[in-house]
Amino acid sequence: MRIFDPHIHMTSRTTDDYERMAAAGVRAVVEPAFWLGQPRTSAASFTDYFDSLIGWEPFRAGQFGVRHFATIALNPKEANDPRCRPVLDLLPRYLDKDAVVAVGEIGYDSMTPEEDEAFAAQLALAVAYELPALVHTPHRDKARGCERTLAVVAESGIDAGRVVVDHLNEVTVKLVRDSGCWLGFSIYPDTKMTPQRMVELLREYGTDRMLVNSAADWGRSDPLLTRATGEAMLAAGCSDDDVDKVLWRNPVEFYGQSGRLDLSDLDAAAAVDPQTGNSILRGGS
Ligand SMILES: [Zn+2]
């Protein structure tokens, strides 16, 4: 089973996680810029964070044969902090980088006027830089948050096929499906979605435009729940091809729209022994 986790915050995870993910079949990840729990006090701390998302973290992932890409944005929560707003001016510098495959995560947290403004401004950047957009939906008042999200996406003029609306569930799935946007589902140990509920949604709505992620971060989460979802699909009678489409080909297609998703050296990288870091192809030299 080859797995592409289209939303995971590896900054908050250990190297043990990389090792377990690689062993479970995770060969590529996208790490969206987000809130680190501790509020940032200036735009400068975003610079260091963004640099680590396109520098240190891909290097760390590479040691385990995992390809690492990033999405860059001012996250919805910190869009409300005037100390963080100048980050919007820093974004163009990062949106030009090859390791950046989308603008994200953007969208709503508490649905404030400040969030409205940052959301619209960053969708405009996605259009200007011809990048897809990763849109977070609020955890409270989900249906209303999702409706408003889709309205702002439609207003921005971005092609719906270049937008993934994330953290969906049974309440919001249909709304987003009808919009033409891609659908993201975060599989969590005890909130959001479970592998079993995900299988039910795939049965009902099919596999087109469906993305499954672990959204693992500094909270209670599990980077192996993508694999668990693939196994739950097989146990429920889905084919290997269905699993490959949802867990690999769909994220490749979505982020491939950036023109920057270079997976060409993946076979060579997959041949690195995660235990020793030696290349299996070259006999460990
Ligand atoms: Zn996230």
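Computed from a predicted model, the values in this text were never measured in an experiment. One-based numbering, in listed order, for ligands and for the atoms of each. The figures here come from the full heavy-atom set of this structure, side chains too, leaving out hydrogens, waters and symmetry mates.
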Q: Can you list every pair that meets ring pair (Phe, Tyr, Trp, His ring centres under 6.0 Å) and has a residue in residues 223-252, with sequence neighbours left out?
A: F4-W248
Q: Which pairs with one or both residues in residues 84-93 pass side-chain hydrogen bond (donor to acceptor under 3.5 Å, both in side chains), sequence neighbours excluded?
A: R85-E117
Q: Validate the cation-pi geometry between R148 and Y108: distance from NZ or CZ to the six-membered ring centre under 6.0 Å, angle to the ring axis within 45°.
A: yes
Q: Side chains of L125 and L95, heavy atoms from C-beta outward: is any pair under 4.5 Å?
A: yes
Q: Give every protein N, O or S atom lying under 2.8 Å from the Zn ion (ligand 1), naming each by residue and atom.
A: H7 NE2, H9 NE2, E105 OE2
Q: Is the side chain of R227 donor-acceptor paired with the backbone N or O of A24 at a distance under 3.5 Å, no angle test?
A: yes
Q: Donor-acceptor pairs under 3.5 Å, side chain of residues 129-136 to any protein atom, not counting sequence neighbours: which ones?
A:
unit_1 : atom_1 : unit_2 : atom_2 : d
H136   : ND1    : E105   : OE1    : 3.2
H136   : ND1    : H167   : NE2    : 3.1

